[in-house]
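The sequence lines fix the lettering, A, B, ..., with proteins before strands; numbering per chain opens at 1. Atom set for the values below is all heavy atoms of this structure, side chains included, hydrogens, waters and symmetry mates excluded.
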Protein chains: 2
Amino acid sequence: MASIKDVAAEAGVSVATVSRVLNDHPSVSAEARARVLAAVEALGYRPNAVARSLRTDQTHTLGLVISDVMNPYFTELARSVEEEARALGYSVIIGNADERPDLQDHHVRNLLDRRIDGLLVSPTDGGSPLMLDAARAGTPMVFVDRWIPGVDVPVVRADGRGAVRDLVAHLHGLGHRRLAIIAGPAATTTGRERVEAFREALGAHGLELPDAYIGQGDFQAESGRRVTEGFLDLPEPPEVVFAADNLMALGALDAVRARGLRVPDDLALAAFDDIRWFVHTDPPVTAIAQPTGELGRAAVRALVDRIEGRAGESVTLPARLVVRRSCGEPPASPEPSPVTNRSQS
Amino acid sequence: MASIKDVAAEAGVSVATVSRVLNDHPSVSAEARARVLAAVEALGYRPNAVARSLRTDQTHTLGLVISDVMNPYFTELARSVEEEARALGYSVIIGNADERPDLQDHHVRNLLDRRIDGLLVSPTDGGSPLMLDAARAGTPMVFVDRWIPGVDVPVVRADGRGAVRDLVAHLHGLGHRRLAIIAGPAATTTGRERVEAFREALGAHGLELPDAYIGQGDFQAESGRRVTEGFLDLPEPPEVVFAADNLMALGALDAVRARGLRVPDDLALAAFDDIRWFVHTDPPVTAIAQPTGELGRAAVRALVDRIEGRAGESVTLPARLVVRRSCGEPPASPEPSPVTNRSQS
DNA sequence: CACGTCGATGTAATCGATTCCACGAGGATC
DNA sequence: GATCCTCGTGGAATCGATTACATCGACGTG
């Protein structure tokens, strides 16, 4: 592959001049510029990003470590992150932690070794020494969706409290009184917060959240299935389960189906995170929708701000309830199909 | 961030010795090794992958350019690719082409500029000059899922012919005679092949595939919706539509639902690509399942073989039909829920 | 005892870019 | 006509690693 030296030789100038042309530095004669450009064209030259990064100490790359690529919520997040980053002149390297702290550390280390300019993380746990060190060492960093308390890093996330209140009011209005939750890992903020928001909202209606109605999941489908089976085996099973993410809701559907039961007649279901398939499941699933695309874009903007020496503030956006039929009684009017929402959201 | 010089100074040795310890070169005394390791520990030193890559001309990185991250099929592919690559000591940088040739080129160029060791591509089109040049220039490359004819690059893919024949036999057995297809872009191999396989299978039953029953989609949901609406507006609408991927099947569901019609009574539906949500849609969707995880792993193995100077052959694996209820008449026994299949597939 | 071998180590070249500094030519200013 | 800029350019240092080559001491052998 041709290097800058080859171009310089071909154009009959020095490498310095070639470099100036490529970075359009002002003081290059029109003639030299033309010769260099011709040589670049002739040789099919492309600058070596590795060498450039070594010299400039910038990679124009962001690292994104997400909890689980197979989760459509994170997939959409990743997509919007890449889109916004590209618009701002950055590339993105994605690391998939699969909800495993060891894998998360692997990817953080790998990204740091590659000298990415900044790191976007949705932490799987309470924060490994590695990540805390990186934050303290001044690596530009932003948390997205989940965060680690006590670390001085901006957080971009959705606030689900209002939507959870709306959900509980909806459920209460439908006559449900025994409400259970499939929680996420207590080591994650979203794992804890969603339970707390749910408990609080129940309290506002004079309802309790007994321990038996808190199932410990891990944001993966299999745990949703296991927890739901536990609920169904209870002497007094809940009337509703609220899954703290969409994959655990999928697991819950599996469990209900495996017993030959029906949603919502035998057990109602609601989920945190709205995904397109929920419109077409049997029955369509009532869910709390996050402004996923907005979150991804805001996170990138905050991170790039930090990288380029500007402020880079935390952002919190509201989530909202989308009522469908999985908790009983269909909504007033059928919702318009979301197929075309793709690039908007 | 500490560099190798700092470590050398701290340990009281030369940078060469530090490098030898780090790459465990044999001729280093136990004492020097211990001192270097202590210094590395003390400084929290991590080698700069950028500098290393520049010198060794290897990045230990694979590029993966996929057609659409939001498509669960490609998400799963990406996941298995990353997994296998990690097992072989490589990282993966994913580029999402979103079915757009210009974006695909953007990512290929970006990956090439970063001097990735090899490229895994699922081409969105018939092959841009850029990609053809890269292949010709000897960049280690493997096509996965889709490929470009006439280019000397190994292909790892699933063969759907057998499964499509099974599907058509199934449909014919249910009494369906007017069968339509939502095709993918003719510029892609999978777009063309699936139509051909379908036409062939129909022929075996003495059925034709009239032009009116071939809808031109682009592998995205919106096109599935549009094409399905066209079918429904026909004087003689088809009894079944076969969507060439899962997103267009989603769009078809949207279209049917928007008209207040029912699957399979008013229109039966089948899809290429099986995804977990198809078990829980209303009704569960009959689909052709690819061995996605295997494809991803085989593709990585082939690519790494090429990179490391071994052969790296093409691989074709069979797809299989999974019958559910979206074409009529439930299957004999309810299929076991696939929740636990995650790490197997 | 001299010499060859081997193991451990350091010096310096190198990868491909960017960028500071020096230099020469040409033009403006007094 | 001397001085001083300005502009275009090239030389060379630099980023942080790897590695060929040189060196040096210790040791084995004839």
| What is the nucleic acid contact for B:N23, judged by heavy atoms within less than 4.0 Å: base, sugar-phosphate only, or nothing? | sugar-phosphate
| message | Taking any heavy-atom pair under 4.0 Å as a contact, classify B:S3: base, sugar-phosphate, or nothing. | response | sugar-phosphate
| Are OP1 or OP2 of D:dC7 and a side-chain N or O of A:S29 less than 4.0 angstrom apart? | no
| field | Side-chain N or O of A:S27 closer than 4.0 Å to phosphate OP1/OP2 of D:dC7 | value | no
| First encountered from the 5' end of DNA chain D, between B:L54 and B:A16 | B:L54
| request: From the options D:dA17, C:dT9, C:dT18, select the nucleotide whose nearest atom is closest to the side chain of B:P47. | output: D:dA17
| said: Under 4.0 Å between a side-chain nitrogen and a carboxylate oxygen: does that hold for A:R297 and A:E294? | reply: yes
| query | Between the base of C:dG16 and the side chain of B:R55, is there any donor-acceptor pair under 3.5 Å? | reply | no
| query | A:A32 near the nucleic acid: base, sugar-phosphate alone, or nothing, with a heavy-atom cut-off under 4.0 Å? | reply | sugar-phosphate
| query | For B:N48 and C:dC15, what is the distance between atoms CG and P respectively, to the nearest whole Å? | reply | 18 Å
| field | Separation of atom CZ in B:R20 from atom P in D:dT18, rounded to whole Å | value | 11 Å
| When the distance from CZ of B:R114 to P of C:dG16 is rounded to whole Å, what number comes out? | 18 Å
| request: Can you tell me the distance, in whole Å, between the CD1 atom of B:I4 and the P atom of C:dG10? | output: 12 Å
| query | salt bridge (Lys or Arg N to Asp or Glu O under 4.0 Å) between B:E99 and B:R146: does it pass, once the steps are laid out? | reply | CA-CA 12 Å; B:E99 302 287 359; B:R146 311 177 184 174; 2.9 Å; yes
| To the nearest angstrom, how far is B:H25 atom NE2 from D:dA17 atom C1'? | 16 Å
| Atom pair distance, as rounded to whole Å: CG in B:L22 and P in D:dT19 | 12 Å
| note | When rounded to whole Å, the CG to P distance for the pair A:D24 and C:dT18 reads 11 Å
| task | Please work out if B:V13 contacts a base, only the sugar-phosphate, or nothing of the nucleic acid, heavy-atom cut-off 4.0 Å. | result | sugar-phosphate
| request: Please check the phosphate of D:dT18 (OP1 and OP2 only) for any side-chain N or O of B:S19 closer than 4.0 Å. | output: yes
| Judged by modelled atom types alone, do A:Y73 and A:D145 share a side-chain donor-acceptor pair under 3.5 Å? | yes
| task | Describe the nucleic acid contact of A:T17 in one word from base, sugar-phosphate, nothing, applying a heavy-atom distance below 4.0 Å. | result | sugar-phosphate
| note | On DNA chain C, more 5' by nearest nucleotide between B:R115 and B:E31 is B:E31
| request: Looking only at side-chain atoms of B:K5, point me to the closest of D:dT9, D:dA17, D:dC15. | output: D:dC15
| Between B:S91 and B:T61, does any side-chain donor sit less than 3.5 Å from a side-chain acceptor? | no
| task | Would you please name every residue forming a salt bridge (Lys or Arg N to Asp or Glu O under 4.0 Å) with B:R109, sequence neighbours left out? | result | none
| Mind checking whether B:F219 and B:T188 have side chains closer than 4.5 Å, heavy atoms only? | yes
| remark: B:R46 CZ to D:dG16 P, in whole Å, measures 16 Å
